[in-house]
Amino acid sequence: MPETNIITTIGPEHYLVLSALLFSIGMAGVLLRRNLIVLLMSIELMLNAVNISFITFSHYSGKVEGQIMVFFVMTIAAAEAAVGLALAVSIFKRFKEVNIRFFEHLKG
Amino acid sequence: MTSMGTTTFEVAVNLIKLVLVFLMMVQLVPILVWLERRGSAFIQNRFGPNRVGPLGLLQLLADAVKFLTKEDFAPEKGNRLLFYAAPVFALVPAAVAYMAIPMSVPLKFNEYTFLIQGYEINVGIVFILGISSLAAYTILMAGWGSGSKFSLMGALRASAQIISYELALGLSIVGIILLYGTFNLSEMIHAQQGIFSFNAFGHNISASWLPNWGIFYQPVGMILFFAATFAESNRLPFDLAEGEAELVAGFHTEYGGFKMLMFFIGEYGHMMIASGLMATFFFGGYSIWNLTPQEVYQWCFNLIGNEFWAGAMNSLLHFLSYLVKFGIFLWIFFHVRWTLPRFRYDQLMDLGWKTMLPWALANTMITALIIFVTSYYVL
Amino acid sequence: MTADVFLFWFLAFMTIVSGLGVVLMANPIYSALSLAMTMISVAAIFVTLQAYFLAGVQIIVYAGAVMVLFVMVLMLFDLKHELQAFTRGRATGAIKIATVGILSGLVVGAVTIGLTIGGKNQAEVASATKAAGIVDTTRGLSEALFLKNVFGFEALGVLLLVIAVGTVALSRSKGGTHARD
């Protein structure tokens with residue numbers, strides 16, 4: 001397989017590598033950041049990366065089931081964002097900051 | 001999704017067309033501003049701008065010069081990047097969404113067919129709704145970037161309003177999507193051409209004195225859609241964002257000069273999108289009352305006798321028809337702004353969530369039921 | 001270089017850069033706006049993969065609703081500067097290294113697997129795509145969603161209801177909207 005092929009012909013592997021990179025970026029965000037809202041955003045990033053790979057497989061295998069899965073992922077992402085933001089608001093009301101180290105004080 | 005053509009000639013024409021549609025949108029704004037000021041003066045028994053040029057028409061030019069020569073200032077406590085980026089982002093979604101609305105029948109030239117719109121998208125409705133929902137960012141960026149309490153409060157109000165009314169807006173057109181079975185605006189217009197006729201219980205019902213427009217099938221959807229677009233474009237009676245009595249001027253309190261003008265263009269752009277969509281969904285788009293484009297083409301061909309020029313005249317006539325409908329809805333926007341009082345904020349939210357959303361849901365369900373019953377049972 | 005290839009590289013670049021922006025920006029508002037940019041780029045990538053309806057839904061749901069909520073909450077908090085944006089200390093140093101390891105492992109794995117798929121089944125994949133042709137994907141999608149996967153759809157409806165009730169219960173203060181906290 002000649003090297004130039006990778007640049008000029010786009011196949012499923014390109015999309016999959018893009019998806020993997022985006023997923024890793026999101027994971028790094030979850031591990032490195034301390035702001036609760038940025039953590040939630042990094043999770044959204046990871047879910048988006050997963051969506052890209054679902055759509056890629058759906059397109060290259062000619063089946064719509066992958067797109068259905070993306071539909072479900074989107075719904076769950078929206079729900080997760082709503083709950084996460086509600087938690088963030090309740091933390092902010094108590095401590096005037098949204099750092100995750102305040103999470104342990106949220107019992108009861 | 002969208003193709004720019006295969007030959008150089010076709011690509012060039014399509015690119016020029018994009019620029020032309022954008023310019024048309026931007027150039028309409030000063031004319032609309034003049035119309036609105038003269039119209040409001042007429043409603044309130046005043047004169048309005050009448051000094052510069054005939055009928056005050058050159059007032060537009062004077063305003064443009066004034067906006068361009070004003071001092072370019074930014075608040076010190078704000079965020080400069082967001083402050084400068086917000087007006088640009090106000091313009092982009094409106095322009096991009098407006099280009100997807102078809103304005104006339106496609107023009108045939110030799111073997112090419114040119115659509116009279118910026119570009120065609122086969123999920124046009126979803127695209128336009130999505131792009132125009134990005135307007136909330138503009139408002140939030142402007143409000144936060146200004147670094148002022150009034151701007152921030154205005155921005156939070158306005159974006160909450162836009163998100164709430166987006167639901168009613170989206171649901172109110174589900175009925176019409178079910179009816180025509182397509183997301184494509186051109187196909188939707190195609191289905192509304194000619195005389196009023198539909199199939200129910202295996203029979204064809206038609207009336208030759210009515211056009212086949214969406215409003216006769218979806219009157220509730222039309223009312224809900226039009227009301228929601230008022231809220232989406234932040235116009236009276238839903239202009240809570242810039243409630244002048246309590247919030248100075250809402251999210252654009254700190255803006256002046258050319259940046260203010262760009263917010264203006266964005267707001268008028270949203271009105272144009274709303275008017276274009278109203279015409280497309282419920283009033284047959286560019287189609288002429290009771291006539292199909294083929295009939296009009298035949299009439300033009302008999303008059304002229306040249307295929308290309310008959311097609312051009314056909315396109316021109318339909319474009320005029322579109323402009324008339326478009327203008328009527330824009331005028332309704334102005335008229336409502338200058339005659340109706342504003343809502344209070346809690347009334348606005350109640351109207352959106354407790355009245356329009358249930359009605360839109362009911363409309364969707366009843367439409368689906370009727371379509372199912374009338375197409376599956378034969379009497 | 002055809003237009004499709006250029007489009008892919010451009011969108012991939014935009015996605016990665018704005019994705020990095022989410023993680024690396026110290027100001028959470030810039031992170032949120034950068035994430036909105038990522039969402040729009042991902043929607044454009046869906047378009048290049050001919051999932052038009054999902055691209056529209058991606059813009060409406062993610063960029064138009066979810067991210068606006070994020071930005072709204074952030075602006076409501078009005079965090080001017082963040083004292084401790086990133087984790088510090090020995091234990092977290094180890095986590096950072098592990099992150100980089102997993103990251104590179106994922107990418108290398110994806111590349112190798114991708115290349116073997118590409119090498120072996122390129123022709124097969126191409127023929128499958130051709131057989132599927134340009135179908136009306138929106139109609140196919142709705143048929144698959146409402147006929148085959150209707151149970152999952154209903155389950156999602158129940159989930160959303162639970163989430164809505166839970167969120168309202170969580171964020172409601174005593175005394176309704178007029179509470180003095």
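Computation of the quantities below employed the complete heavy-atom set of this structure, encompassing side-chain atoms and omitting hydrogens, waters and symmetry-equivalent molecules. All figures in this text were calculated on a predicted structure; none of them were measured in a lab.
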With a 4.5 angstrom heavy-atom cut-off, is it the side chain or the backbone of [X] that approaches chain A, or both, or neither?
{"X": "C:Ala65", "result": "neither"}
{"X": "C:Leu54", "result": "both"}
{"X": "C:Phe70", "result": "both"}

Side chain, backbone, both or neither: which part of [X] has a non-hydrogen atom closer than 4.5 Å to chain C?
{"X": "A:Phe23", "answer": "side chain"}
{"X": "A:Glu65", "answer": "side chain"}
{"X": "A:Ser58", "answer": "neither"}

C:Phe53/A:Gln67 under side chain to side chain contact (heavy atoms under 4.5 Å, CB included): CA gap, chis, key distance, verdict: CA-CA 10 Å; C:Phe53 183 69; A:Gln67 301 195 12; over 6 Å; no

Return the [atom1] to [atom2] distance between [X] and [Y], rounded to the nearest 0.5 Å.
{"X": "A:Leu40", "Y": "C:Ser31", "atom1": "CG", "atom2": "OG", "result": "12.5 Å"}
{"X": "A:Leu45", "Y": "C:Thr38", "atom1": "CG", "atom2": "OG1", "result": "5.5 Å"}
{"X": "C:Thr15", "Y": "A:Ile52", "atom1": "OG1", "atom2": "CD1", "result": "6.0 Å"}
{"X": "C:Ile163", "Y": "A:Thr75", "atom1": "CD1", "atom2": "OG1", "result": "11.5 Å"}
{"X": "C:Leu69", "Y": "A:Leu85", "atom1": "CG", "atom2": "CG", "result": "6.5 Å"}

Counting C-beta onward and ignoring hydrogens, is there a side-chain heavy-atom pair between [X] and [Y] closer than 4.5 Å?
{"X": "C:Leu156", "Y": "A:Phe71", "answer": "no"}
{"X": "A:Asn51", "Y": "C:Val42", "answer": "no"}
{"X": "A:Ile37", "Y": "C:Pro28", "answer": "no"}
{"X": "C:Ile45", "Y": "A:Leu18", "answer": "yes"}

If only side-chain N and O atoms count, and only distance matters, is there a donor-acceptor pair under 3.5 Å linking C:Gln58 with A:Asn48?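 A:Asn48 vs C:Gln58: donor-acceptor pair found between side chains.
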
Where is the tightest heavy-atom contact between A:Ala82 and C:Thr167, given as atom of each residue plus distance?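 Distance-wise, the nearest heavy atoms are O-CG2, 3.8 Å.
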
For the student: nearest non-hydrogen atoms of C:Gly140 and A:Val64, plus distance: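 Closest approach of C:Gly140 to A:Val64: O-CG2, 4.0 Å.
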
What residue in C:Leu145, C:Leu160, C:Leu49 has the most heavy-atom pairs under 4.5 Å with chain A? C:Leu49

C:Val168, C:Asn149, C:Leu159: which one forms the most heavy-atom pairs within less than 4.5 Å of chain A?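 Looking at each of C:Val168, C:Asn149, C:Leu159 in turn, C:Asn149 comes out on top.
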
Within 6.0 angstrom of A:Met69 CE, more than 12 heavy atoms from elsewhere: no

Validation row, ring centre A:Phe72 to ring centre C:Phe153 under 6.0 Å: no

Yes or no on side chain to side chain contact (heavy atoms under 4.5 Å, CB included) for C:Val22 and A:Ile25, after CA distance, side-chain angles and deciding distance? CA-CA 9 Å; C:Val22 176; A:Ile25 291 172; over 6 Å; no

